[in-house]
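Notes to accompany the following structure.
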Amino acid sequence: MPSGGDQFARALPGGPLLHVDVDAFFAAVEQRDDPGLRGIPMAAGDVVIACASYEAREWGVQAGMSVGEAVAVCPRLRLVPLRSDAYAAASTALFAVLGRFAARVEPGSMEEAFLDTRATPWATVDQLAASVQRAVAHETGLPVTVGAGRTKLMAKLASRSVKPRGLRVIQPAEERYLRPALLIDELWGVGDVTRERLRQHNIRTVADIAVVHPDHLRDIAGTQMARRLAAIATGADDATVRPERPRRSYSVQRAVPRGSGVDVDLLTGELAGRLHDGGFTCTVVSVALKYANRLEHRGRARLLEPTADARRLASTARSLLPAGGVRVEKAGITVTGLQRADAAVQLTLDTGG
DNA sequence: TCTGGGGTCCTAGGACCC
DNA sequence: TCTGGGGTCCTAGGACCC
């Protein structure tokens, strides 16, 4: 039975959206699996910090920092190597729990999701959010923050504001005064480039967007972005939870050690493994090189037939590499045009009667 | 000061067709 | 033969996200 403070029951028959986000995901998995890592500043990463525990964040350790930099600001930092398989397993466990609380779950990444709770019996949104939080903690051992709101933006704003281990519901009444006051910087989906373009036209808040002519907004930010911004300004932004979309690509990217060349076999071997594990073949191979002088080289080739064969990928990738010269700092290979591996036989010509 | 790696979607322009 | 209009597909690169 809805309490007096919960307006969703009357305001929105469909119920609110939930945004569920694991706190410091990689670090949380490591701390869960090794009690010795709990309560101390630690981080998962190799050359750079991929994810820092909240204890380490208090010292100023952030994702993306080089390990040297991180140790400089936090000498007691414990560093552990990345364990991709463990994170993938934790992600699977997380989504198994979330699936029980929602008719539809839209993954944002391996550690976060939007939940459509329409068909979920609940008393109040707070109680539902708390149930999700408890279930994830009990069944996966991972700390999550849950935000709820009328749209994805509101749910995400809610969770972002109370991390870690937080729970916040933005009720429709609160949204009405909160929304126009939002700064452009706070908008999910608006990055540096768009923010700067808007700033040059003195647009700094959602309320500022609302008074700009649509044509002008389109000139500033482009068609799709303008549409999205206008929707945010009127409160008509995305409130639809879409189930998982099919994968479009796999990619690998590696720094190339000084004095060595691009290890094409290593990169394509990894891609072939992932294609195989995912049950995919691909039809397009792309190569991207970053040189020490900041220039880039890109190449792309379409395969005659879908493949997941490491040698075929390697020879294609090699044909896209330019002849030597400037030192390569980073090399990446991406495969796209994914098809289900078992669908390949369908390409056989139907010559029958 | 853009550290590193893995993704998605959008856009602009060219090729090609009617 | 030239001009105009419209549509689709593909590619390269940009913007954004975690």
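Here is how names work: the chains are called A, B, and so on, in the same order as the sequence lines, proteins then strands, and each is numbered from 1. Values in this document were obtained by computation on a predicted structure and should not be read as measured data.
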Within less than 4.0 Å of OP1 or OP2 of [N], is there a side-chain N or O belonging to [X]?
X        : N      : answer
A:Lys290 : B:dG4  : no
A:Arg197 : C:dA15 : yes
A:Arg245 : B:dC9  : yes
A:Arg302 : C:dC10 : no

[X] side chain, from C-beta outward: closest of [options]:
X        : options                : answer
A:Val193 : C:dA15, C:dT11, C:dC18 : C:dA15
A:Met225 : B:dG6, C:dC16, C:dG13  : C:dC16
A:Arg274 : B:dG6, B:dG4, C:dC17   : B:dG6
A:Arg248 : B:dC2, B:dG5, B:dT8    : B:dT8
A:Ser249 : C:dG13, B:dT8, C:dC18  : B:dT8
A:Thr194 : C:dA15, B:dT8, B:dT3   : C:dA15
A:Lys156 : C:dG13, C:dC18, B:dC10 : C:dC18
A:Arg247 : B:dG5, B:dG4, B:dT8    : B:dT8
A:Ser251 : B:dG7, B:dT3, C:dC18   : B:dG7

So does A:Arg248 have more than 12 non-hydrogen atoms from other groups sitting under 6.0 Å from CZ?
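Not more than 12 within 6.0 Å, no.
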Take A:Glu305 and A:Arg312, measure what salt bridge (Lys or Arg N to Asp or Glu O under 4.0 Å) needs, and give me the verdict at the end.
CA-CA 10 Å; A:Glu305 55 187 38; A:Arg312 194 110 44 106; 3.5 Å; yes
Taking for A:Thr223 and for A:Arg254 the nucleotide of DNA chain B with the nearest heavy atom, the one nearer the 5' end belongs to A:Arg254
Toward the 5' end of DNA chain B, by each residue's nearest nucleotide, A:Gln224 or A:Val252
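With A:Val252 and A:Gln224 compared, the 5'-side residue is A:Val252.
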Just checking A:Gln62: base, sugar-phosphate only, or nothing, at a heavy-atom cut-off of under 4.0 Å?
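Here A:Gln62 touches no strand at all.
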Any side-chain donor paired with an acceptor under 3.5 Å for A:Asp21 and A:Thr145?
no
5' precedence on DNA chain C between A:Val284 and A:Glu296 (nearest-nucleotide basis):
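Its nucleotide being nearer the 5' end, the pick is A:Val284.
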Can a salt bridge be assigned to the pair A:Arg168 and A:Glu174 using a cut-off of 4.0 Å between side-chain N and carboxylate O?
yes
